[in-house]
Amino acid sequence: MVFADSSANEAGGSMKRAFLSLVLLLAVSGCVREYRPSTPHTAQVGSGSLSLTTIETASGAVIYPPHGGVVVQGHYRVEAGDSFTTPVLTKTNTPPCSGGTRAHRSEVNADNGTLAALFPRDELDSQRLLATEPTALDVNVVHADGTRECLRVPVLSAPARTEWLQDPAASLGYAFTLLVPFRRIYAAGAAPMLTLRGGPFIGPLRLRAELGIGGAFAENRNANLVAYSYRAGLLLDALLAHIDRFGFGVAAGYDVTGISLDASVQALSHEGVGFQGLIYGPRAGVSFELLPTPPLGPAFRARPDAASASLELYLAAESSHDHDKPTPALWFTVGVDVGL
């Protein structure tokens, strides 16, 4: 929560904590893509079976090794007492379980029957695995008596055909927003807020409802007053262009913001306490976005802005009963959104 000028130190601390939280999210947002198969990727040998469910790509900002990695996940079924060896990614024209790129780390969860394997991105790129080469996941099923059977699951059968998709239906995120009118409205010169936002993707567009709450830097004759802000808005945006992980977009929306004053110390003066009024009007601007890592190859199809970390700048015309004419204002937003 951000408070009025009379509580500047506390306001600064709250804003700093909110900013640091967003910086941390900016460091990891847009770094992971999750793909789901467009057709089944399954295999069975004897009593064991494995079905791939997702492939995640992550940059070095959120996963070790520093070049980033690819996480292959699936559901498995084996007999009691059986186990798996470390998974290997290899070209499908090689003999089963004869070698390839071993997983950097792997995890088998017997409680829910899931397997996950992490592969270094640079090693896969050097062999063009999952990019232009038909690729399989090999894993040995080790039976209780010590014998082994090779379980080979096709991961990429036709590199030129889409086999894995990331196509979220909606986005959800939060942001730090700052409203700065060119002249004070209800004595407030700025209103910083934490905002929750979310909504559906509609073709190339993203529609988001926004709800925010925060404080306001207000000049009040009564030093015991604390200013609060709260708002609701509707925003429509679109990604116009992107190169690698950097994108540029445009956005437009409409917001209604309320300003109210409350007493900081209940035992002192309450003069001026209460709802001050609404600030409302349209805004339009541009966004600079950090996007997820590009798809591994033609077989992976992804929405470029399925997730993003963004810096957004808007020009607005804010109406209020405090002024006869709309007041020009700036909106600044630092936000993080993920696809659902």
Side-chain angles (χ1 to χ4, degrees), residues 2 15 18-19 21-23 25-26 29-30 168 170-186 188-217 229-259 278-292 303-320 322-323 325-339:
V2 181
M15 287 185 65
F19 178 75
S21 296
L22 283 169
V23 167
L25 277 177
L26 281 173
S29 177
S171 73
L172 180 66
Y174 83 94
F176 173 77
T177 60
L178 179 66
L179 167 62
V180 183
F182 286 14
R183 54 180 175 171
R184 290 181 178 270
I185 304 177
Y186 310 126
M193 288 167 275
L194 286 178
T195 301
L196 292 176
R197 57 190 190 178
F201 288 108
I202 307 172
L205 305 177
R206 176 170 51 185
L207 179 65
R208 288 179 291 181
E210 299 188 331
L211 294 174
I213 186 169
F217 292 102
S229 60
Y230 36 88
R231 74 178 183 92
L234 198 62
L235 187 67
L236 189 67
D237 70 339
L239 183 68
L240 291 185
H242 63 96
I243 299 176
D244 194 47
R245 297 189 57 205
F246 300 96
F248 173 78
V250 294
Y254 193 93
D255 299 273
V256 178
T257 303
I259 302 292
L278 293 176
I279 304 171
Y280 53 92
R283 60 182 166 117
V286 297
S287 64
F288 304 91
E289 303 185 15
L290 176 65
L291 305 174
R303 184 184 181 98
D305 58 346
S308 63
S310 59
L311 170 64
E312 304 161 28
L313 307 175
Y314 300 92
L315 183 63
E318 302 292 355
S319 298
S320 67
D322 202 33
H323 300 293
K325 296 181 180 181
T327 301
L330 293 175
W331 283 87
F332 302 91
T333 298
V334 180
V336 174
D337 299 277
V338 295

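On a predicted model such as this, the values are computed, not experimentally measured, just so you know.
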Please check this pair: side chain of [X] against backbone of [Y], looking for a donor-acceptor N/O pair closer than 3.5 Å.
{"X": "R283", "Y": "Y314", "value": "no"}
{"X": "S229", "Y": "G215", "value": "yes"}
{"X": "D322", "Y": "Y186", "value": "yes"}

Enclosure of F288 CZ (heavy-atom neighbours >12, cutoff 6.0 Å):
yes
Taking atom types as modelled, is there a side-chain donor on T177 or T333 under 3.5 Å from an acceptor on the other?
no
Check whether any side-chain heavy atom of [X] sits under 4.5 Å from a side-chain heavy atom of [Y], and report yes or no.
{"X": "L330", "Y": "L313", "value": "no"}
{"X": "L291", "Y": "L239", "value": "yes"}
{"X": "W331", "Y": "L315", "value": "no"}
{"X": "L211", "Y": "T195", "value": "no"}
{"X": "L234", "Y": "E210", "value": "no"}

Does the pair D337 and R208 meet the rule for a salt bridge (charged side-chain N to carboxylate O under 4.0 Å, His left out), with working shown?
CA-CA 10 Å; D337 299 277; R208 288 179 291 181; 2.9 Å; yes
Measure the spacing between CZ of R303 and OG of S308 and express it to the nearest 0.5 Å.
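Between atom CZ of R303 and atom OG of S308 there are 10.0 Å.
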Whether R184 and E318 form a salt bridge (side-chain N of Lys/Arg under 4.0 Å from carboxylate O of Asp/Glu) is what I want to check.
no
